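Source: prediction; values computed, not measured. Counting convention: from 1, in listed order, for ligands and their atoms alike. Hydrogens, waters and symmetry mates are skipped; everything else that's a heavy atom, side chains included, is used.
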Amino acid sequence: MAFYFSEPSHTFGEYLLVPGYSSENCIPSNVSLRTPLVRFNKKGGEEPAISMNIPMVSAVMQAVSDDKLAIALAKEGGISFIYGSQSIEDQAAMVARVKSYKAGYVTSDSNVRPDQTLEEVIALSEKTGHSTCAVTEDGSAHGKLVGIITSKDFRISHCKSGAKVSEYMTPLSDMAVGHEGITLSEANEIIWDKKVNQLPVIDKDGKLVSLIFRKDYSTHETYPNELLDSNHRYIVGAGINTRDYMERVPALIEAGADVFVLDSSEGYSYWQAKALKDIHEKFGKDVKVGAGNVVDAEGFRFLAEAGADFVKIGIGGGSICITREQKGIGRGQATATIEVAKARDEYFKETGIYVPVCSDGGIVHDYHVTLALAMGADFVMLGRYFARFEESPSNKLVVNGQYVKEYWGEGSNRARNWQRYDLGGKKGMAFEEGVDSYVPYAGHLHDGVGMTLKKVAHTMCNCGALTIPELQEKAKLTLVSSVSITEGGAHDVIVKNTSLQS
Ligand code: IMP
């Protein structure tokens with residue numbers, strides 16, 4: 001006989017948090033939103049190989065996660081999973097662009113040799129727009145550093161023609177330098193101490209690694225949560241499928257991808273377990289791969305045992321998703337998150353291994369992020385939310401006098417990402433599981449994410465929690481009746497200003 005779940009499944013809009021005691025320390029500036037991304041031996045005191053500074057990742061979708069959005073989100077402390085429904089070369093190029101984006105440490109493209117002329121320095125500066133040139137023995141980007149020359153070091157009208165860089169540069173012996181591994185804040189201390197505008201960073205052989213400029217530190221101050229790898233490059237993820245991973249994964253590793261996710265509408269399958277096994281066997285356990293999506297404890301257990309580094313939750317709850325209508329599968333996102341998070345805790349109790357879980361799809365209001373975390377999610381994946389921002393890859397249009405951005409599902413005819421719905425066998429799919437739509441334009445990601453997280457931190461303080469694990473432990477959740485939902489918004493008044501947004 002078929003199995004029936006005893007409770008109806010619920011979604012985020014049916015829950016509210018009931019406040020707990022807030023001590024004097026419970027203020028938003030004390031809240032940490034740091035959260036693990038990949039499995040780790042928590043019992044053994046191990047640290048996760050990758051953590052995020054905010055609990056938000058962007059969806060593996062054409063309309064959401066390209067290199068531009070990935071850089072904007074990494075600046076805030078989260079991770080984008082660059083969409084996999086494109087050629088391996090194109091996806092690898094996007095990943096490579098994120099990894100080569102300067103995050104305060106600049107690879108100098110304006111280097112000169114000491115025997116070059118000042119006229120050549122001027123010509124180079126005009127070409128690159130940079131007024132500072134590192135001087136390396138052979139003029140290469142990572143050659144042995146011998147000095148630095150800036151436009152302030154000489155007045156060309158007062159120099160004899162053909163004068164050499166070596167005569168006007170500041171030689172290495174008179175310069176402040178940083179050594180490889182220096183942090184931006186340490187570099188900033190030296191920059192202020194020595195009253196210089198830039199600090200060259202050299203390796204143990206005296207070769208130039210990068211330049212840090214005074215102005216880059218102020219960029220860093222705007223993004224105190226930025227998520228960097230050990231080489232100070234932004235962290236980025238990539239979506240993969242269960243068909244071409246043996247070619248796609250090595251190309252993406254080569255491009256610098258830090259983490260992968262098997263992107264599928266339904267992850268409790270032979271194909272996902274096989275892909276996890278093959279990837280870990282061939283490329284090693286250091287290659288981190290999330291899997292999903294599942295909506296119950298059984299699905300979680302299956303993927304955790306198959307070696308998934310994190311497990312994604314959610315079927316049919318996405319804003320552009322018509323899977324439930326088309327196929328009749330899925331589960332309310334709140335119920336699925338609660339059950340899977342419980343399964344994660346049981347798995348941890350049994351094995352000592354903590355496998356983070358991600359609630360994917362169906363986040364409509366900012367408070368839904370807090371609810372998902374309170375229900376046990378370690379982080380959330382959002383599509384519609386990020387598609388609205390300036391940095392998303394889709395077109396910005398004016399429709400009915402309003403700025404909108406396009407947002408389409410991976411299972412729509414527009415994206416044609418049939419691999420996401422693949423059940424093996426012959427390639428191809430006969431019906432859509434997603435729609436093509438517009439979403440209201442919402443400005444820059446920095447402002448939007450900043451506002452969302454401000455609200456999350458406030459609610460956490462209302463619940464007496466300063467960290468995500470503390471919220472998960474202390475949260476008191478209540479189901480709401482349909483009548484009390486009406487009570488939750490402004491009611492029985494004529495609202496003057498309707499610009500209040502979620
Ligand atoms: P949203 O944040 O509610 O817009 O949901 C985004 C999530 O919907 C993604 O992360 C995917 O899990 C899922 N999704 C993306 N495209 C489709 C589709 O075409 N059909 C069904 N679900 C989709």
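- Counting heavy-atom neighbours within 6.0 Å of H280 NE2, excluding the residue itself, gives a total above 12.
- For atom 16 (N) of ligand 1, the closest heavy atom belonging to the protein is E410 N, 2.9 Å.
- With salt bridges taken as basic N to acidic carboxylate O contacts below 4.0 Å, none links K405 and E390.
- No side-chain heavy atom of V95 sits less than 4.5 Å from a side-chain heavy atom of V98.
- Ranking the protein heavy atoms by distance from atom 12 (O) of ligand 1 puts D360 OD2, 2.6 Å first.
- In this structure, Q91 and R248 have side chains that are in contact, with non-hydrogen atoms separated by less than 4.5 Å.
- Looking only at protein heavy atoms, the nearest one to atom 19 (O) of ligand 1 is G411 N, 2.6 Å.
- Of all protein heavy atoms, the one lying nearest to atom 18 (C) of ligand 1 is Y421 OH, 2.9 Å.
- Against a heavy-atom cut-off of under 4.0 Å, S319 is close to the following atoms of ligand 1: 1 (P), 3 (O), 4 (O), 5 (O).
- Residues I313 and N293 have side chains not in contact (no heavy-atom distance under 4.5 Å, counting atoms from C-beta outward).
- Ion pairing between K327 and E266 fails under the 4.0 Å rule for side-chain N and carboxylate O.
- Regarding atom 21 (C) of ligand 1, its nearest protein heavy-atom neighbour is C321 SG, 3.0 Å.
- Of all protein heavy atoms, the one closest to atom 13 (C) of ligand 1 is R420 NH2, 3.6 Å.
- Considering backbone and side-chain atoms together, Y407 places an N or O closer than 3.5 Å to an N or O of ligand 1.
- Within a 6.0 Å radius of CD in E305, more than 12 heavy atoms belonging to other residues, nucleotides or ligands are found.
- The atoms of ligand 1 that sit less than 4.0 Å from any heavy atom of T323 are 21 (C).
- Within the 4.5 Å cutoff, side-chain heavy atoms of M56 are placed close to those of V449.
- With ligand atoms numbered from 1 in the order given, ligand 1 contributes 18 (C), 19 (O), 20 (N), 21 (C) to contacts under 4.0 Å with heavy atoms of E433.
- Where the criterion is an N or O separation shorter than 3.5 Å, residue side chain and backbone included, I363 fails it with respect to ligand 1.
- An N or O contact shorter than 3.5 Å is missing between Y385 and ligand 1 by distance.
- Nearest protein heavy-atom contact of atom 8 (O) of ligand 1 is G318 CA, 3.7 Å.
- With respect to the salt-bridge test (charged N to carboxylate O, under 4.0 angstrom), the residues K454 and D366 do not qualify.
- Using a 4.0 Å cut-off to heavy atoms of M381, the atoms of ligand 1 that qualify are 10 (O).
- Close approach to L382 involves these atoms of ligand 1, each under 4.0 Å from a residue heavy atom: 2 (O).
- Of all atoms in ligand 1, numbered sequentially from 1 with element shown, those under 4.0 Å from a heavy atom of R384 are 1 (P), 2 (O), 4 (O).
- Y403 does not carry R388 over the face of its six-membered ring by the limits of under 6.0 Å from the centre and within 45° of the normal.
- Heavy-atom contacts from other residues, nucleotides or ligands closer than 6.0 Å to NZ of K43 number 12 or fewer.
- Residue M61 touches ligand 1 through its side chain alone, judged by heavy-atom distances below 4.0 Å.
- In terms of N/O distances under 3.5 Å, ligand 1 is approached by G362.
- Near I320, the atoms of ligand 1 lying under 4.0 angstrom from a non-hydrogen atom of the residue are 8 (O), 14 (N), 15 (C), 16 (N), 17 (C), 23 (C).
- The shortest N/O to N/O separation between A59 and ligand 1 does not fall below 3.5 Å.
- The shortest contact between atom 2 (O) of ligand 1 and any protein heavy atom is with G383 N, 2.8 Å.
- Remark: K342 does not engage E346 in a salt bridge, criterion side-chain N to carboxylate O under 4.0 Å.
- Within a 6.0 Å sphere centred on OH of Y15, heavy atoms belonging to other residues, nucleotides or ligands number more than 12.
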